[in-house]
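Letters go in sequence order (proteins before strands), and every chain restarts at 1.
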2 protein chains.
Amino acid sequence: MLKRSFEPACGRWMVPPVNSSGSTKERILGAAELLFAQRGFDGASLRQLTTAAGVNLAAVNYHFGSKDKLVEEVFRRRLDALNERRLAALAKIAGAPETTLENLLEAFIRPALDLSHDDSGALFMRVLARAFAEHDDTLRQFLSANYGHVMRQFTAEFARLLPQLSKEELYWRIDLVTGALTHAMSGFGMIQRKSDVSEHTHREQTAQHLIRFAVAGLSHP
Amino acid sequence: MLKRSFEPACGRWMVPPVNSSGSTKERILGAAELLFAQRGFDGASLRQLTTAAGVNLAAVNYHFGSKDKLVEEVFRRRLDALNERRLAALAKIAGAPETTLENLLEAFIRPALDLSHDDSGALFMRVLARAFAEHDDTLRQFLSANYGHVMRQFTAEFARLLPQLSKEELYWRIDLVTGALTHAMSGFGMIQRKSDVSEHTHREQTAQHLIRFAVAGLSHP
DNA sequence: GGGGCCGTCAAACGATCGTTTGTTGCAAAT
DNA sequence: ATTTGCAACAAACGATCGTTTGACGGCCCC
């Protein structure tokens, strides 16, 4: 079997330890983030999810309306925070004459790395990487409608700092940086965190490598 | 709904036009590639799949043993060809004193782009991007066991052409290039093929941008 | 001509899916 | 004290899942 993760010999599926803190809605969202990251949106069933959250099966439909609405809420909760931080960081440097490409990339990348800081935020980056790969047009429209203006503001600032690039050239490069970012954040690839460095240090290294790589890729002639 | 693609008002799910060419096994593999790319491994059911292929429901289990074995075969068929081409291209330049970083990246990237050339090979890149995002350890082991030696040979050649980089630094950068490659190939992002350029031209542009970006990112001090 | 494979088929299997229902406990409002 | 509304629960709904079964027809080989 290639895809589905393990299934224990006894019992049908893993029941992660019950998370008993917070309200019912929050416990569902937390468990959803974990299981969506591990097994995907289709792969994680509401029964696994509600068992992990320690709530009743019907609670998801009661509080969110449907499984799809739950998925939407998982996205909205994290992306609202992420894009707020991005815009706040951008606002501090936008238009300033002394702003460097490193500053701008920092503003773009750092909030994504910080998101991975708190307890389960790191899982969300995997959920996001999955969603990107799903390639769904509905997701595309959702992201564009809700967070498109953030990307537009950053692109405008990139254009200001890289005036030598044509619009098309700039789009291409930002696209490639986004790909490298998503890849690095989701943690697939050769580079794994070594056991002797802390999670925080590892994130810091990731950011450093990513920013240097992106600066070189963006600003080459 | 965020994720599942549309479902038509009449009838339960889309039934793509029947593909009536080739053997039963080949038709199943073709339809699997299409539906796995569109709906994911869990999302695409054997009933959708066999209907699209124009074969009986039981044919999958008869010819492949199980759905999971089918997934495995979808991967193996394309990756065998991809890595053969990569190794052939690498063999022509490995160790040669006049080899440039561009040559090496070309050998690495071009076969992936060429894979997208034939009929449905482009779909496979989406399947692959999905599988990367799934983050499954079983997949990781499958790739490492069957195609790890390819990555190792390329890494050795990268190390020869970039002697100034530490081993860790090199791994990081190759990882980021891989992320950009996967992202560009899977086609999520701002850049979409314009209707006035051919598929071939678009692939060529993708390769050019990607190689230039990667060279800059890899070789910066 | 008859026996053994092979590929295909409709039909069914049990399991699991997302969702709905009806009931219960409980606290605030009347 | 009674009513109202919310949240949680067990249980069931019909649909769909991956897989298995047994029968049917065509083909080659003895």
Run the side-chain donor-acceptor check on residues 204-211 of chain B: report pairs under 3.5 Å with partners two or more places apart or on a different chain.
residue: E204(B); atom: OE1; partner: R110(B); partner atom: NH1; Å: 3.2
residue: E204(B); atom: OE2; partner: R110(B); partner atom: NH1; Å: 3.2
residue: E204(B); atom: OE2; partner: R110(B); partner atom: NH2; Å: 3.4
residue: T206(B); atom: OG1; partner: H202(B); partner atom: O; Å: 2.8
residue: H209(B); atom: ND1; partner: Q205(B); partner atom: O; Å: 2.9
residue: H209(B); atom: NE2; partner: E169(A); partner atom: OE1; Å: 3.3

Subject >> Which residues share a side-chain contact (heavy atoms from CB on, under 4.5 Å) with A94(B), sequence neighbours left out >> reply: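 A94(B) satisfies side-chain contact (heavy atoms from CB on, under 4.5 Å) with L90(B), E157(B) only.
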Roughly, in whole Å, what's the span from [atom1] in [X] to [atom2] in [N]?
| X | N | atom1 | atom2 | value |
| --- | --- | --- | --- | --- |
| L49(B) | dT16(D) | CG | C1' | 15 Å |
| F64(B) | dG18(D) | CZ | C1' | 16 Å |
| L35(B) | dG18(D) | CG | P | 12 Å |
| K25(A) | dA7(D) | NZ | P | 9 Å |
| E26(B) | dG7(C) | CD | P | 14 Å |

**OP:** Report the residues that fulfil side chain to side chain donor-acceptor pair (under 3.5 Å) with N56(B), sequence neighbours left out, ordered by chain and then residue number.
**Re:** none
Subject >> side chain to side chain donor-acceptor pair (under 3.5 Å) involving S66(B) - partner list, sequence neighbours excluded >> reply: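 In terms of side chain to side chain donor-acceptor pair (under 3.5 Å), with neighbours along the sequence ignored, S66(B) is linked to no residue.
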**OP:** Would you kindly check if the NZ (Lys) or CZ (Arg) of R130(B) is within the cone defined by 45 degrees around the ring axis of F36(B) and under 6.0 Å from the six-membered ring centre?
**Re:** no
**OP:** Could you tell me, to 10°, how much the axis swings from one end of the helix from dC5(C)-dG26(D) to dT30(C)-dA1(D) to the other, five pairs per end?
**Re:** 10°
May I ask you to evaluate whether [X] reaches the phosphate of [N], defined as a side-chain N or O under 4.0 Å from OP1 or OP2?
| X | N | result |
| --- | --- | --- |
| T24(A) | dA7(D) | no |
| H63(B) | dC6(C) | no |
| S45(A) | dT16(C) | no |

Subject >> Per-nucleotide protein contact string for nucleotides 19-24 of chain C (B base, S sugar-phosphate only, - none; heavy atom under 4.0 Å) >> reply: BB----
Considering non-hydrogen atoms only, spot the tightest contact between [X] and [Y] and give its length.
| X | Y | answer |
| --- | --- | --- |
| E106(B) | P111(B) | O-CD, 3.8 Å |
| L49(B) | A31(B) | O-CB, 3.8 Å |
| D42(B) | R39(A) | OD2-O, 4.3 Å |

**OP:** Would you check, one step at a time, whether the test side-chain contact (heavy atoms from CB on, under 4.5 Å) holds for I28(B) with K25(B)?
**Re:** CA-CA 5 Å; I28(B) 291 175; K25(B) 282 186 79 163; 5.8 Å; no
